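Owing to the predicted nature of the structure, the values given are computational and were not obtained by experimental measurement. Because only heavy atoms are used, hydrogens play no part in the values below, and waters and symmetry mates are left out as well, while side chains stay in.
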Amino acid sequence: MSQQPGREVEHEVTVRASAEEVYRLLAEVENWPRLFPPSVHVEYLERGEREERIRIWATANGEAKSWTSRRRLFPQDKRIDFWQEVSSPPVAEMTGAWLIEPAGPQETRLRLLHRYRAIDDDPEGLAWIDQAVDRNSSEELPAVKAALEEAAGEDPLTLSFVDSVEVSGSAKDLYDFVNEAGRWRERLPHVATVRLTEDTPGLQVLRMDTLTKDGSSHTTESVRVCFPHHRIVYKQTTLPALMRLHTGYWEFEETGDGAARASSQHTVVIDPKRITDVLGADAGVAEARSFIREALGGNSRATLGLAKDYAEARR
């Protein structure tokens with residue numbers, strides 16, 4: 001990290017959760033798709049005791065992007081420093097830090113610091129960065145606060161579940177069926193329309209209209225990160241009315257003797273303000289949990305069943 005002079009700005013928010021829990025949630029990058037609205041998937045490229053190199057897939061200005069960052073962790077001080085390996089113009093250098101400070105028994109002061117320079121110290125470039133950092137931080141922190149508070153508690157609005165199927169076939173064929181989502185309209189009866197774009201290999205944007213059992217349809221859009229031939233992770237960026245967050249993954253593994261297993265995992269945060277709109281005046285959180293489990297699980301099990309048929313036909 002360079003120590004050249006540059007602009008330093010700070011944003012902060014108060015979180016109703018312990019400093020220990022806030023630090024843990026921010027330190028474990030697998031939580032990021034839940035905590036940060038643009039974040040789709042994060043994985044470790046290098047991981048030492050205090051230093052990490054991570055790859056981040058996220059949405060930016062409506063597009064799916066990927067970049068690598070480095071982090072330095074200070075568990076005792078509850079501080080996380082971060083910096084991008086390669087900055088994009090007009091940024092010459094960008095570093096930052098999360099500072100996590102106890103503010104009460106179950107309250108935390110969360111500060112987000114950014115330090116940056118513009119290429120050639122250009123005043124117009126610096127003004128552009130000022131505006132982008134302020135806008136992004138002002139939008140990000142309230143969402144992070146809400147997500148941290150949900151994740152730190154036993155939240156009945158959050159549910160996670162997995163459906164799996166055993167297959168007499170290959171993990172590659174199962175993967176291909178799910179990866180080729182552009183063909184889902186002809187392959188899956190619950191998909192009415194589908195549009196798949198993949199400008200960068202392995203980074204997909206999937207938009208589709210899905211039918212429910214009662215015949216109604218809803219439009220969703222997801223960003224998917226594909227790891228041939230074993231895993232596809234995704235985050236919905238356009239959500240059905242009942243959900244505030246929906247992430248998940250498809251997993252494919254060989255189990256030996258020409259057999260494989262395919263799994264579909266979902267994590268959902270329910271939007272409590274929309275429960276009665278969608279499910280009727282008498283519905284509550286329990287009914288919403290049951291409805292989502294059956295609706296998403298039903299579609300996943302149907303997809304897994306057809307993927308199984310596809311793979312077994314290719315043995």
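Between A17 and T108, the closest heavy-atom pair is O-OG1, 2.7 Å. Nearest heavy-atom pair, Y175 versus C226, reported as atom, atom and distance to 0.1 Å: OH-CB, 3.2 Å. Shown here for S168 and E312, the closest heavy-atom pair between the two residues is N-OE2, 3.0 Å. Considering all non-hydrogen atoms of both residues, F252 and L174 come closest at CD2-CB, 3.6 Å. Contact detail for A307 and F177: the closest heavy-atom pair is CB-CD2, 3.6 Å. Taking both residues in full, the closest heavy atoms of A241 and V278 are given as CB-CG2, 3.9 Å, listed atom of the first, atom of the second, then distance.
A salt bridge links D163 with R293: at least one charged nitrogen is closer than 4.0 Å to a carboxylate oxygen. With salt bridges taken as basic N to acidic carboxylate O contacts below 4.0 Å, none links E52 and R72. Salt-bridge annotation for E107 and R16: absent, with no side-chain N of the basic residue lying under 4.0 Å from a carboxylate O of the acidic one. Between R24 and E28 a salt bridge is recorded (basic side-chain N to carboxylate O distance below 4.0 Å). Salt bridge present: R274 and D277 bring a charged side-chain N and a carboxylate O closer than 4.0 Å. Between R301 and E294, at least one side-chain nitrogen of the basic residue sits less than 4.0 Å from a carboxylate oxygen of the acidic one, meeting the salt-bridge criterion. The pair E166-K308 fails the salt-bridge criterion, with no side-chain N (NZ, NE, NH1 or NH2) lying under 4.0 Å from an Asp/Glu carboxylate O. The pair R109-E12 meets the salt-bridge criterion, with a side-chain N (NZ, NE, NH1 or NH2) lying under 4.0 Å from an Asp/Glu carboxylate O. D81 and R71 are not joined by a salt bridge, as no carboxylate oxygen comes within less than 4.0 angstrom of a charged side-chain nitrogen.
With M243 as reference, I292 is the one residue of I292, T220, L157, I270 to meet the side-chain contact (heavy atoms from CB on, under 4.5 Å) rule. Looking at F227, W67, W32 one by one, the single match for ring-ring contact (aromatic ring centres under 6.0 Å, His included) with W57 turns out to be F227. Only one option out of E251, H41, R224 pairs with I232 in a side-chain contact (heavy atoms from CB on, under 4.5 Å); it is R224. The only member of T247, L296, L245, L242 that meets side-chain contact (heavy atoms from CB on, under 4.5 Å) when paired with V268 is L296.
Using modelled atom types and a 3.5 Å distance limit, the side chains of H266 and S300 yield a donor-acceptor pair. Using modelled atom types, one finds a donor on one side chain and an acceptor on the other under 3.5 Å when comparing T68 with E85. Side-chain atoms of D173 and H229 include no donor-acceptor pair closer than 3.5 Å. For the residue pair R34 and T158, a side-chain donor N or O sits within less than 3.5 Å of a side-chain acceptor on the partner. In this model, no donor atom of one side chain and acceptor atom of the other lie less than 3.5 Å apart for D176 and Y310.
Note on ring orientation: taking the six-membered ring where Trp is involved, the planes of W98 and F36 are tilted (angle from 30° to 60°).
Remark: S66 OG to I56 CD1 distance equals 8.5 Å, nearest 0.5 Å. Taking OG1 of T267 as the start and NZ of K235 as the end, the distance is 11.5 Å to the nearest 0.5 Å. Rounded to the nearest 0.5 Å, atoms CG (L304) and OG (S263) are 7.5 Å apart. Residue I275 holds its CD1 atom at 10.5 Å from CZ of R289, rounded to the nearest 0.5 Å. Atom OG1 of T219 sits about 6.0 Å away from atom CZ of R207, to the nearest 0.5 Å. E149 contributes atom CD, which lies 11.5 Å from atom CG of L25 (distance to the nearest 0.5 angstrom).
Counting only distance, with no hydrogens or angles, the side chain of R185 and the backbone of A192 share a donor-acceptor pair below 3.5 Å. For D271 (side chain) and K273 (main-chain N/O), a donor-acceptor pair under 3.5 Å exists by modelled atom type. Side-chain atoms of E287 come within 3.5 Å of backbone N or O of G284 as a donor-acceptor pair. A donor-acceptor contact shorter than 3.5 Å is absent between the side chain of K172 and the backbone of P228. Not a single donor-acceptor pair under 3.5 Å links the side chain of S290 to the backbone N or O of A286. When atom types are taken as modelled, the side chain of K78 and the backbone of L99 share no donor-acceptor pair closer than 3.5 angstrom. Between the T200 side chain and the L203 main chain, no donor and acceptor come within less than 3.5 Å of each other.
Surrounding CD of E46 are more than 12 heavy atoms belonging to other residues, nucleotides or ligands, all under 6.0 Å away.
Geometrically, R47 engages Y44 in a cation-pi contact, judged by NZ or CZ lying under 6.0 Å from the ring centre and within 45° of the ring axis.
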**Request:** Would you sort out whether I54 and E43 count as a side-chain contact (heavy atoms from CB on, under 4.5 Å), showing the intermediate values?
**Result:** CA-CA 6 Å; I54 57 176; E43 67 176 32; over 6 Å; no
**Asked** Going through the distances and angles, do Q204 and V223 end up as a side-chain contact (heavy atoms from CB on, under 4.5 Å)?
**Response** CA-CA 6 Å; Q204 302 177 340; V223 176; over 6 Å; no
